[in-house]
Amino acid sequence: MSHENSSSQDAPPAAPARHFIHEIIAGHVQAGRYGGRVGTRFPPEPNGYLHIGHAKSICLNFGLAREFGGTCNLRMDDTNPTREDVEYVDSIRHDVQWLIEGWAEDSLTLKKVGDASGAGVSGKNRGGTPLEPFYASDYFPQIYEFAVELIRKGKAYVCDLSPEDTERYRGSPDRPGQDSPFRDRSAEESLALFQRMRAGEFPDSARTLRARIDMSSPNIWLRDPVLYRIRHTEHHHTGKQWCLYPMYDFAHCLSDYIEGVTHSICTLEFEVHRPLYDWILEALRLPRELPRQYEFARLNLGYTVMSKRKLLQLVQDRIVTGWDDPRMPTISGLRRRGYPAEAIRHFCELIGVTKFNGLTDASLLEFAVRENLNKRANRVMAVLRPLKVVIENYEDSRVEMMEAVNNPEDPSAGTRNVPFSKTIYIEQDDFMETPAKKFYRLFPGHEVRLRYAYILKCVAVEKDATGRVVELRCTIDPDSKAGGATAGRKIKATIHWVSAAHALASEVRLYDRLFTVEHPDAQAGGDFKSFLNPKSLEVITDCRLESSLKEAQPGQRFQFERLGYFCVDSKESAPGKPVFNRTATLRDAWAKERQKTG
RNA sequence: UGCCCGAUGGUGUAACGGUAGCACAGCAGACUCUGAAUCUGCUUGUCAUGGUUCAAAUCCAUGUCGGGCAGCCA
């Protein structure tokens, strides 16, 4: 964001994390495996938006490529046309680009539009040629030829079993499967049938191509897994060219090989697929050194859900406003919420990479964003829930400009002038008619400091018919502003304020965690949606903001002093009428104190 | 009752046979024109039982607990 300080640019570069995959790769590089080259890939299926769990994988794959001077291919893993869409490929491209911008762009490898060879163009060599992500579907012709090769070698056969029978013959984890009656089909016959499958002669699911491995293997994925299935469905990238689509297991290892990937990093649930990954590549007797698969634990974050299925449900059921709702753990949601890419990357660094399936504390993400924004976000005064204050000993028409520091963490951010006048707004929370224990803000007869202005004393309280406090009558110590005779007086509390006449009325959205329980998908017998937090969004429409905020641009981030970090909503703000999203609250010792004392 | 993987404070992670450390969270204090930030201090841990070894979080065995695998999904 160009409006923010540059101080974040000189933050010390985080040392690359050491973890088991890092060690494996470092070992390979040292031993000269793959000619010392490192090639990774990030292979999302374009059937949903990317989330913070994908960010972990992106940071891992791009981080490794970056550190070892290698490449990381962005590849659409699009082998199932029935659930994929270009809307998703566009969002994925954008999110990946945004996340790695200024960090690992040089490692990002794309390809020339229309090129299906698997050859990439990495960031360093990017010219004017239009580029696009890799697509597994670009390799359908090659993958088809590999399948033919497997049939010729007697390692695959066409099977006529129905989906139901295929399942039946597969057996179960503790019971071996049975050979398909078509298992002994000759290579010639399988070849002919496979060609007819491709020609569209058979309806969906009528036949499959299967690997001939071992129906009694303890590993279910080795029980003659399906390699190809018939789907008379148009594909978002290849159109109507195919009615035959490869399965993940067949397409993935081959795509890796075609692209020259060396280290194929995926999540734990694919661990049992690794023998199949290796089997396919080895069965083909390929000339080049083979890629290998390594698995790590996916991210689980407290108070949210991470599966694309569940996130999609939240979108479809209108529980959130879309994939980019600021409450969503999606990259686009976090971005709209105000999370800088750098903060997300730092979070991914903090959580580490292991094979342990844990649940990461939501407070770690909050820590990452606070730490980042504390250094880069300009301070500003904003009153979310206004309480009118009239200063009795201040002239009616007088307006003073008070000099305020933009960012105490960054002197280069400079200062600004904030107008002060007789009638101001303060935060309702900063006043208590009868002060609670340890409350040292404003109450009748008591003094607080107005940030960058005078010491203020409450002399009277005005209420409406219902007894609600609607206005405070106060006086100031006229010598107490900066440089004044009594400026040095020690006052326990400093509160923020906004001049009523100059204030910008604005809408602010307060976001809280989406769920009320830390692990919504692990609740016994519970539908995760029954644990939604009804207070995950609070819209406040009559906030009074410092006038300088009138020019705030979409995406710009601020610290509202004493309240938290806020970001101008990029969708619903209008020129001169910014809408703010709360990214995170500030730590709040008083809130804790209040909770303790009840 | 099959196969694969895992287990270190509340949470996440380090220690690669030789002093269990870091971060977050929590607690207490200092400082403060943000009850923020910053600084200081503190609490809390090797799943269990055996074995190998001068020495085990680390190696071995058994058990316990947790996760994954039976899509023509990825």
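Please read all numbers here as calculations on a predicted model, not as lab measurements. Within every chain, numbering begins at 1; the chains are lettered A, B, ... in the order of the sequence lines, protein sequences first and strands thereafter.
Checked options A/L276, A/D224, A/L222; the residue passing with A/S217 is A/L222 (criterion: side-chain contact (heavy atoms from CB on, under 4.5 Å)).
For A/E271, the listed nucleotide lying nearest its side chain is B/C5; candidates were B/A74, B/G2, B/C5. Of the candidate nucleotides B/A70, B/C24, B/U34, B/U34 has the atom nearest to the side chain of A/R451. Listed nucleotides B/C3, B/G12, B/C69 differ in distance to A/T360; the shortest reach to its side chain belongs to B/G12. Closest to the side chain of A/R379, from the set B/C69, B/C24, B/U34, is B/U34. Taking every side-chain heavy atom of A/D361 into account, B/G10 is the closest of B/G35, B/G67, B/G10. Side chain of A/Y440, nearest nucleotide from B/A74, B/G35, B/U1: B/G35. For A/F356, the side-chain atoms get nearest to B/G12 when compared with the rest of B/C73, B/G12, B/C69.
Nucleotides B/G45 and B/G10 place their P atoms 7 Å apart, quoted to the nearest Å. One C1' atom belongs to B/A56, the other to B/G26, and the distance between them is 32 Å to the nearest Å. Going from the P atom of B/G66 to that of B/C47 covers 16 Å, rounded to whole Å. Distance noted for atom P between B/G67 and B/A61: 24 Å (whole Å). With both ends at atom C1', the span from B/A25 to B/U43 equals 12 Å, rounded to whole Å. Nucleotides B/U46 and B/U11 have their P atoms positioned 13 Å apart, rounded to a whole Å. Rounded to whole Å, the C1' atom of B/U49 lies 25 Å from the corresponding atom of B/U44. Nucleotides B/U1 and B/A55, compared at atom P, are 38 Å apart to the nearest Å.
A/E167 and A/R170 are not joined by a salt bridge, as no carboxylate oxygen comes within less than 4.0 angstrom of a charged side-chain nitrogen.
Judged by Watson-Crick or G-U wobble contacts below 3.5 Å, the nucleotide B/G45 has no partner. A 3.5 Å limit on both hydrogen-bonding distances identifies B/G12 as the Watson-Crick or G-U partner of B/C22. Under the Watson-Crick and G-U wobble criteria, each requiring two contacts below 3.5 Å, nucleotide B/G66 is paired to B/C5.
Atom CD in A/E167 sits about 8 Å away from atom P in B/C72, given to the nearest Å. Across the protein-nucleic acid pair, A/W221 atom CH2 and B/A70 atom P stand 5 Å apart, rounded to whole Å.
At the phosphate of B/G35, OP1 or OP2 sits under 4.0 Å from a side-chain N or O atom of A/R562. Look at A/K355 and you won't find any side-chain N or O under 4.0 angstrom from OP1 or OP2 of B/G68. In this structure, A/R587 reaches the B/A37 phosphate: one of its side-chain N or O atoms is under 4.0 Å from OP1 or OP2. Taking 4.0 angstrom as the limit, A/T79 places a side-chain polar atom (N or O) nearer than this to OP1 or OP2 of B/A74. Applying the 4.0 Å criterion to OP1 and OP2 of B/A74, one finds that A/R229 has a side-chain N or O inside that range. Regarding contacts with the backbone of B/U13, a side-chain N or O of A/T354 is found under 4.0 angstrom from either OP1 or OP2. Distances shown here put a side-chain N or O of A/K592 below 4.0 Å from the OP1 or OP2 atom of B/G26.
No engagement by A/N219 is indicated, since no non-hydrogen atom pair under 4.0 Å with the nucleic acid exists. A/F439 comes within 4.0 angstrom of a base, heavy atoms only. Using a 4.0 Å heavy-atom distance criterion, A/L359 is classed as a sugar-phosphate-only contact. Using a 4.0 Å heavy-atom cutoff across all strands shown, A/P275 reaches no nucleic acid atom at all. Nucleic acid contact for A/Y248: base, since at least one base atom lies under 4.0 Å from a heavy atom of the residue. The residue A/L268 sits apart from the nucleic acid: no heavy atom pair falls under 4.0 Å. Counting any heavy atom pair closer than 4.0 Å across all strands shown, A/A482 reaches a base atom.
Side chain A/R441 to base B/G35: a donor-acceptor pair is found below 3.5 Å. For B/C72, the base has a donor-acceptor partner in the side chain of A/S205 [N/O atoms by modelled type, under 3.5 angstrom].
Geometrically, A/R513 engages A/Y303 in a cation-pi contact, judged by NZ or CZ lying under 6.0 Å from the ring centre and within 45° of the ring axis.
The residue among A/G483 and A/S172 whose nearest nucleotide of RNA chain B is located toward the 5' end is A/G483. Heavy-atom nearest nucleotides on RNA chain B were determined for A/R170 and for A/H19, and the one closer to the 5' end corresponds to A/H19.
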Give the intermediate values and the outcome of ring-ring contact (aromatic ring centres under 6.0 Å, His included) for residues A/F296 and A/F20. CA-CA 9 Å; A/F296 71 99; A/F20 73 101; 8.2 Å; no
Verdict with reasoning, A/Y248 to A/H252, per ring-ring contact (aromatic ring centres under 6.0 Å, His included): CA-CA 6 Å; A/Y248 162 83; A/H252 203 93; 4.8 Å; yes
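Its glycosidic angle being more than 90° from 0, B/G9 falls on the anti side.
The minimum heavy-atom distance linking A/E84 with A/E45 is given by the pair OE2-OE2, 2.6 Å. Of all the heavy atoms in A/F194 and A/Y228, the pair that sits closest is CZ-CD1, 3.7 Å.
Remark: ring of A/W590 stacked against base of B/G35; centroid gap under 5.5 Å, plane tilt under 30°.
A/F560 and A/F558 have tilted rings, their planes meeting at an angle from 30° to 60° on a 0 to 90° scale.
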